Engineer: 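Please read through the structure below; I'll follow up with questions.
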Amino acid sequence: MPDEALRIPVLLDCDTGIDDALALTYLACRDDVELAGIVSTAGNAEVAHVTANNLGLTELLAGLLGPGTPVARGSEAPLGGELMTAADTHGPTGMGHAILPEPARAADVRSGAQLWVDAARAHPGRLVGFVIGPHTNLALALEIEPRLPRLLKRLHIMGGAINHRGNTAPTTEWNIAVDPEAAHRVLAAFAQAPIRPVLGALEATEAVRFTQGTLEALQAISAHPIVPVLTDALRWYFEFHEADGFGWMAHVHDPLVVAQAFEPRLASAVPLAVDVELTGALTRGETVGDWLGRWNREPNVEVMREVDADGFVAHLLEVLRRGLRRDP
Ligand code: BDR
Ligand code: CA
């Protein structure tokens with residue numbers, strides 16, 4: 001294991017969530033990562049469920065993460081509008097068919113926004129931030145600490161659909177559609193970041209298709225108790241995708257965005273000016289990319305393009321296999 005001081009501090013803001021759970025497990029399995037905190041954001045499920053899921057998962061992964069990874073409960077509602085949840089996609093509590101242990105510890109006393117700020121201040125210029133759910137808590141954190149874009153090493157976002165059909169309304173992607181105001185604020189604030197955020201939008205993340213073969217390969221990697229949790233959760237995801245007309249498979253979005261931060265070879269990324277539509281009667285929450293430069297704005301993100309989907313799935317399974325083997 002790399003020296004403590006050399007590990008990469010990371011904050012994961014998620015709405016766990018089936019693919020969020022895989023992303024969290026991936027981070028736990030990397031021995032070069034120090035998970036400085038988990039912020040639970042309402043989205044795929046209500047924030048109480050998301051927080052319980054993150055506590056349950058960190059308990060199962062405590063052999064790798066250590067016992068004290070802070071898990072904060074974020075805001076109950078988006079900045080704008082009513083909360084939407086996705087019980088059809090992720091199950092009533094967010095983890096599909098999986099049953100997690102009752103959390104033995106409580107959530108951190110801090111708000112999700114405060115945990116963002118504390119983690120960034122504790123690791124100035126080093127913290128890698130991930131938003132793989134709605135942007136509510138990062139937007140609130142910016143109110144406490146407007147220097148966040150300069151304090152983070154880099155921000156990586158799963159969200160949006162650029163010139164691609166949505167998965168929520170016809171042109172909107174879930175993480176942005178749940179809280180468009182928050183996503184708009186975050187993108188605007190991080191336009192000041194020294195290094196542009198990476199945006200993994202649907203046109204990139206949908207390149208990843210888990211098949212029955214992937215599910216079986218995951219089932220076979222280890223006898224660790226996290227494995228049946230992940231495969232039971234994924235079975236629900238497959239059932240949802242099948243009911244939605246995609247066949248027996250699942251698009252697994254979040255882990256690609258997380259893995260690409262450490263393994264840039266998994267997806268190319270190009271600069272683009274991107275903004276969020278806030279007022280469209282049919283398109284509120286759409287991410288608009290200005291490929292022609294009509295806005296005369298500097299690019300504010302690096303948007304993912306070509307994905308090595310097979311390479312990613314192989315990499316994910318290998319990191320989990322190696323990591324779970326290390327868990328005493
Ligand atoms: C995103 O929405 C959620 O349902 C997934 O966890 C992912 O973060 C995909 O649109
Ligand atoms: Ca998510």
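All figures in this text were calculated on a predicted structure; none of them were measured in a lab. All ligand and atom numbering here is 1-based and tracks the order in the structure. Each residue takes its place number in the sequence, starting with 1.
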Engineer: For N/O/S atoms only: which one belongs to Asp254 and is nearest the Ca ion (ligand 2)?
Structural biologist: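 Looking at Asp254, the N, O or S atom with the least distance to the Ca ion (ligand 2) is OD2.
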Engineer: Considering heavy atoms of the protein only, find what lies nearest to atom 8 (O) of ligand 1 and give residue, atom and distance to 0.1 Å.
Structural biologist: Asp254 OD1, 2.6 Å
Engineer: Under 4.0 Å between a side-chain nitrogen and a carboxylate oxygen: does that hold for Arg126 and Glu34?
Structural biologist: no
Engineer: Could you tell me which atoms of ligand 1, counted from 1 in the order shown, lie closer than 4.0 angstrom to a heavy atom of His253?
Structural biologist: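 Listed by number with element: 9 (C).
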Engineer: Using 4.0 Å as the upper bound for N to carboxylate O, is an ion pair formed by Arg110 and Asp118?
Structural biologist: yes
Engineer: Could you pull out the atom name of the N/O/S atom in Asp15 that is nearest the Ca ion (ligand 2)?
Structural biologist: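 For Asp15, the N/O/S atom sitting closest to the Ca ion (ligand 2) is OD1.
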Engineer: Which ligand 1 atoms are under 4.0 Å away from a heavy-atom of Trp174?
Structural biologist: 2 (O), 3 (C), 4 (O), 10 (O)
Engineer: Can you report which non-hydrogen protein atom sits closest to atom 3 (C) of ligand 1, along with the distance?
Structural biologist: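 Looking at atom 3 (C) of ligand 1, the protein heavy atom closest to it is Asn44 OD1, 3.3 Å.
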Engineer: Could you tell me if any non-hydrogen atom of His90 lies under 4.0 Å from any atom of ligand 1?
Structural biologist: yes
Engineer: Hey, is the Ca ion (ligand 2) within less than 3.0 Å of some N/O/S atom on Gly133?
Structural biologist: no
Engineer: Which residue and atom name correspond to the protein heavy atom nearest atom 10 (O) of ligand 1, and how close is it?
Structural biologist: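 Among all protein heavy atoms, the one nearest atom 10 (O) of ligand 1 is Glu173 OE2, 2.4 Å.
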Engineer: Measure from the side-chain N and O atoms of His90 to the backbone N and O of Gly17, and report whether any donor-acceptor pair falls under 3.5 Å.
Structural biologist: no
Engineer: Tell me the nearest of Asn175, Thr89, Asp19, Thr205 to atom 5 (C) of ligand 1, using heavy-atom distances.
Structural biologist: Asp19
Engineer: So, are Arg322 and Glu318 salt-bridged, with charged N and O less than 4.0 Å apart?
Structural biologist: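 Between Glu318 and Arg322 there is a salt bridge, with a charged N closer than 4.0 Å to a carboxylate O.
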Engineer: Output yes when Glu145 and Arg150 qualify as a salt bridge under the 4.0 Å nitrogen-oxygen rule, no when they do not.
Structural biologist: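 A salt bridge is absent here (no side-chain N lies under 4.0 Å from a carboxylate O).
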Engineer: Would you please classify the geometry between the His251 ring and the His253 ring as parallel, tilted or perpendicular, with 30° and 60° separating the classes?
Structural biologist: tilted
Engineer: Is the closest side-chain heavy-atom distance between Lys153 and His123 below 4.5 Å?
Structural biologist: no
